[in-house]
Amino acid sequence: MRKRGITVKLFAVTALFFLVFYAMIMIFQLSLFDRFYQHHKTKEAANRIHQLAEGYEENSWSEAELTKQTLSYMRKSKSPLTIVDEEGFQLVQDPFNIMLETGDGNVVEVSLSLLVSSYGQQLQALNIKEGDTLIVRGEPDAKVPTVIYPSVVTKNSSSAGEDPIESEVAIEGKVKSISLPKGGMINRGLGILYDALLEWFPLEEEQLKQLTEGESLQLDWVESWSGKHNLVLIEPIKKDGEMQFMFSVTSIQEIKDTNEALRIFYIYIGIIGFILIILLSLFYSRLVSRPLIKLNEMAKKMVHLDFSSAKPIKQKDELGSLSNNMLVMAQNLDVALNDLKQANGKLKRDMERRVQMEKEQREFFEHASHELKTPLSIVKSFAEGLQDGVSPDKHDHYVEVIIEESEKMEVLIKDMLDLAKLENGAIKLRKTSFLLSEMIEVLASKLFCIAQEKNVVIEIMPKNEQHILADYEWMERVMQNLLINAVRHSEPNSVIVIRIELDQENGGCVFKIENKGQQIPSEHLDNIWKRFYRTESSRSRMTGGTGLGLAIVQQILNLHGFHYGAENMPDGVRFYVHFK
């Protein structure tokens, strides 16, 4: 019963709404639209002619400028326009004309408005251009002899117009300039302008009085011979102390004819529209079942713990309330499950991190014990030798070995402590600005003896070097470890090249140290920064070192945020650091 009530309600409301809306449109279209259009057309045309009249009064337009403004008005309003005196005689040059230069050098104005209204297509077909020779037959203006109203215009063997009469004059000359209507303006009521002038002028006394007082006239005019409705606009102008009138005719017949056809059309479309509204109302009433389907789909997804696609049903009834409650429940469950998933993920990551830390700790202690085992064994064995009373000539040698191995253990322990501080973030950097080349020169001099043992030369090659901002002591540790590493793995009688250059891309400084020797296998390049990592286990005692040098370098450079790396060269290995 509830579903039937909602269905009936939806059908009734939808049908009533569409019927009322459709009826309002039909009533407005059939009874009010023609008056609305006429009012809009009248207001728009009156504003345009008023603006043109104000511009004509306030500005000293030349004939050419006035013609341009007149043509602009006619193009926008699609209505002919002229300026006349109280008797209806035109006071301005015809906007559509040909300036014809005769053989004696005189210029004759050929007024084309009357000819265009009847023979516009023929005149357009002549394709008259400046410099063409024309023969014009027609009647000259009674007041202005240099103006002629043509009945026929001939170019070469083609003509436009009617047959001339014997009393008309014929003028031949070259076209100096031409102004013709464009496109659809050819047949837009140019002739009707002159019919309206004959109809309304001379003006009645009451009309003339209103114009003299500055009022505009908006007159309805029905052509007697065609019955078409037109709007006549007369705008008063005071120019050079004389009263002039801007006169325009706008057709309003088109909308009346269209509206008459629409009355018949709406009878048929009204029947079809009524049937369509009923069908649409029935269709929309069926949509009441869609919310139930959506609720069922939402419940099925919630059974499978999928709350992401739940959407509310926007209805102010029981179904809408139920949908909102289910949505709130789905959102709460989704949030709870997401929190649980995030907690489980965090717990899993923590467990993995803990396992990884335990693994690293075991490896660290294994490597540390391995590194300490050898020197401790040596110290123990040599100490036992001293305890057993070795020969006096070996006594000093045993003491030296014990001291040497003790120093190695001391260095190893110090490196382990420094690495622990760096990994725990207990170090605070004290950055200063300095030149890297100066630091490396000092370090190279300290390592001179180590390099001399292998007959290795250290060359420092700065080029466009820039100051770097870093912690001096820790950066000295980085450079020292990289230099010692390069010396230990260089071939005897080779050169270690240190380049310090300007980074062209980032504007910082680039440090490169290159040594000739055995390459690092490509699969080991990413692992050389690990603690106690060596590509060959036999290199531990051969090359010396604690196995923590590059790990300390990595931690210091990461702490500074510098980019670094190692790469193989054809004859050795290169380490590089990009300073910001």
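Just so it is clear, the values below take in all heavy atoms, side chains as well, and ignore hydrogens, waters and symmetry mates.
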> Flag the pair L443 / E476 as yes when at least one side-chain heavy-atom distance between them is below 4.5 Å, and no otherwise.
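L443 reaches E476 side chain to side chain.
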> Side chains of E65 and Q69: any donor to acceptor distance under 3.5 Å?
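Checked: Q69/E65 side chains pair up, N/O donor to acceptor below 3.5 Å.
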> Which atoms form the tightest heavy-atom contact between G508 and L502, and what is the distance?
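It is O-CD1, 3.3 Å.
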> Apply side-chain contact (heavy atoms from CB on, under 4.5 Å) to residues C509 and D503 and explain how you reach the verdict.
CA-CA 5 Å; C509 188; D503 191 343; over 6 Å; no
> Are any side-chain N or O atoms of K454 and backbone N or O atoms of V487, one a donor and one an acceptor, separated by less than 3.5 Å?
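Side chain of K454 to backbone of V487: a pair is present.
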> Got more than 12 heavy atoms from elsewhere within 6.0 Å of NZ, K176?
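No, the 6.0 Å shell around NZ holds no more than 12 heavy atoms from other groups.
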> Among residues at least two apart in sequence or on other chains, which ones pass ring pair (Phe, Tyr, Trp, His ring centres under 6.0 Å) with F575?
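For F575 the ring pair (Phe, Tyr, Trp, His ring centres under 6.0 Å) partners, ignoring immediate neighbours, are W529.
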> Looking only at heavy atoms, what is the nearest atom pair of S248 and L81, with distance?
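What the structure gives for the nearest pair is CB-CD1, 4.1 Å.
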> Is the backbone of S490 close enough, under 3.5 Å, to the side chain of S494 for a donor and an acceptor to pair up by distance?
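Not a single qualifying donor-acceptor pair exists.
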> Say you draw a straight line from CD1 of I450 to CD1 of I484; how long is it, rounded to the nearest 0.5 Å?
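Rounded to the nearest 0.5 Å, the CD1-CD1 separation comes out at 5.5 Å.
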> Just grab all the side-chain hydrogen bond (donor to acceptor under 3.5 Å, both in side chains) pairs involving residues 442-452, residues at least two apart or on different chains.
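The answer is none; no pair qualifies.
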> Any salt bridge (Lys or Arg N to Asp or Glu O under 4.0 Å) involving residues 478-487? Give me the pairs, sequence neighbours left out, ordered by first then second residue.
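Pairs touching residues 478-487 that pass the test: none.
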> So that I know where these two stand, are Y576 and F511 an aromatic pair - ring centroids less than 6.0 Å apart?
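Not close enough - the centres of the two rings lie 6.0 Å or further apart.
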> Provide the full list of salt bridge (Lys or Arg N to Asp or Glu O under 4.0 Å) pairs with a residue in residues 549-574, sequence neighbours left out, each pair given once.
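Sorted pair list: E514-R574, E567-R574.
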> Which heavy-atom pair separates L436 from F579 by the least distance, and what is that distance?
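Residues L436 and F579, closest heavy atoms: CD2-CE1, 3.6 Å.
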> Pairs of donor and acceptor atoms involving the side chains of residues 44-52, under 3.5 Å and at least two apart or interchain, shall be tabulated with distances.
residue: E44; atom: OE2; partner: R48; partner atom: NH2; Å: 3.2
residue: N47; atom: ND2; partner: K43; partner atom: O; Å: 3.2
residue: R48; atom: NH1; partner: K76; partner atom: O; Å: 2.9
residue: H50; atom: ND1; partner: E235; partner atom: OE2; Å: 2.7
residue: H50; atom: NE2; partner: E54; partner atom: OE2; Å: 2.8

> Going through the checks in order, is the side-chain contact (heavy atoms from CB on, under 4.5 Å) test met by I500 and M461?
CA-CA 6 Å; I500 305 173; M461 303 174 62; over 6 Å; no
> Does the side chain of M475 come within less than 4.5 Å of H560's, by heavy atoms?
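Of all side-chain heavy-atom pairs linking M475 with H560, at least one is under 4.5 Å.
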> Any side-chain heavy atom of E501 sitting closer than 4.5 Å to one from N464?
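A side-chain contact under 4.5 Å is absent here.
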> Please work out which of the three classes, parallel, tilted or perpendicular, describes the rings of F434 and Y472, given edges at 30° and 60°.
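Rings of Y472 and F434: perpendicular, over 60°.
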> Answer yes or no for K239 and Y56: cation-pi contact, defined as NZ/CZ to six-membered ring centre under 6.0 Å and angle to ring axis within 45°.
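Flagged: K239 positioned over aromatic ring of Y56.
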> Taking the side chain as every heavy atom from C-beta outward, state whether V495 and I458 have any atom pair closer than 4.5 Å.
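No, too far: nothing below the 4.5 Å cut-off.
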> About how many Å separate CG of N515 and CG of N485, when rounded to the nearest 0.5 Å?
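Interatomic distance, N485 CG to N515 CG, rounded to 0.5 Å: 7.5 Å.
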> Does the side chain of V456 come within less than 4.5 Å of I496's, by heavy atoms?
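In contact.
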> Indicate yes or no for a side-chain donor-acceptor contact from D132 to the backbone of I128 under 3.5 Å, with no hydrogens or angles considered.
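No, D132 side chain to I128 backbone: no donor-acceptor pair under 3.5 Å.
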> Using only atom types and a distance under 3.5 Å, with no angle test, would you say the side chain of N568 pairs donor to acceptor with the backbone of I520?
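The answer is yes, because a donor-acceptor pair under 3.5 Å joins these two groups.
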> Hey, could you give me the CD1/CE distance between I460 and M439, rounded to the nearest 0.5 Å?
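CE of M439 is found 11.5 Å from CD1 of I460.
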> Report the distance from atom NE2 of H578 to atom CG of L557, rounding to the nearest 0.5 Å.
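So the NE2 of H578 and the CG of L557 are separated by 11.5 Å.
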> Quick check: closest heavy atoms across S433 and H467, and the distance to 0.1 Å?
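For S433 versus H467, the nearest heavy atoms are OG-CB, 3.3 Å.
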> Take I468 and Q466 through the test side-chain contact (heavy atoms from CB on, under 4.5 Å) and record every step on the way to the result.
CA-CA 6 Å; I468 66 169; Q466 303 290 320; over 6 Å; no
> Tell me, yes or no, whether the heavy-atom count around D339 atom CG, taken from other residues, nucleotides or ligands under 6.0 Å, exceeds 12.
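More than 12 within 6.0 Å, yes.
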> Under the salt bridge (Lys or Arg N to Asp or Glu O under 4.0 Å) rule, what pairs show up with a residue in residues 461-473, not counting sequence neighbours?
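Every salt bridge (Lys or Arg N to Asp or Glu O under 4.0 Å) pair that includes a residue of residues 461-473, provided the two are not neighbours, is R430-E473.
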> Using 0.5 Å steps for rounding, measure from the CD atom of Q554 to the CD1 atom of I528.
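Here the rounded value is 9.5 Å.
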> Taking Q518 for its side chain and G572 for its backbone only, find out whether a donor-acceptor pair lies under 3.5 Å.
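Flag not set: sc Q518 to bb G572 has no pair under 3.5 Å.
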> Does either side chain, that of Y73 or that of S79, offer a donor lying less than 3.5 Å from an acceptor on the other one?
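No.
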> Measure the spacing between NZ of K516 and CG of N493 and express it to the nearest 0.5 Å.
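Taking NZ in K516 and CG in N493, the distance rounds to 11.5 Å.
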> Are the side chains of L550 and N481 in touch, meaning some heavy atoms are under 4.5 Å apart?
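Counting from C-beta outward, L550 and N481 never come under 4.5 Å.
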> Answer yes or no: is there a side-chain heavy-atom contact under 4.5 Å between I498 and E459?
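Not touching, per the 4.5 Å side-chain cut-off.
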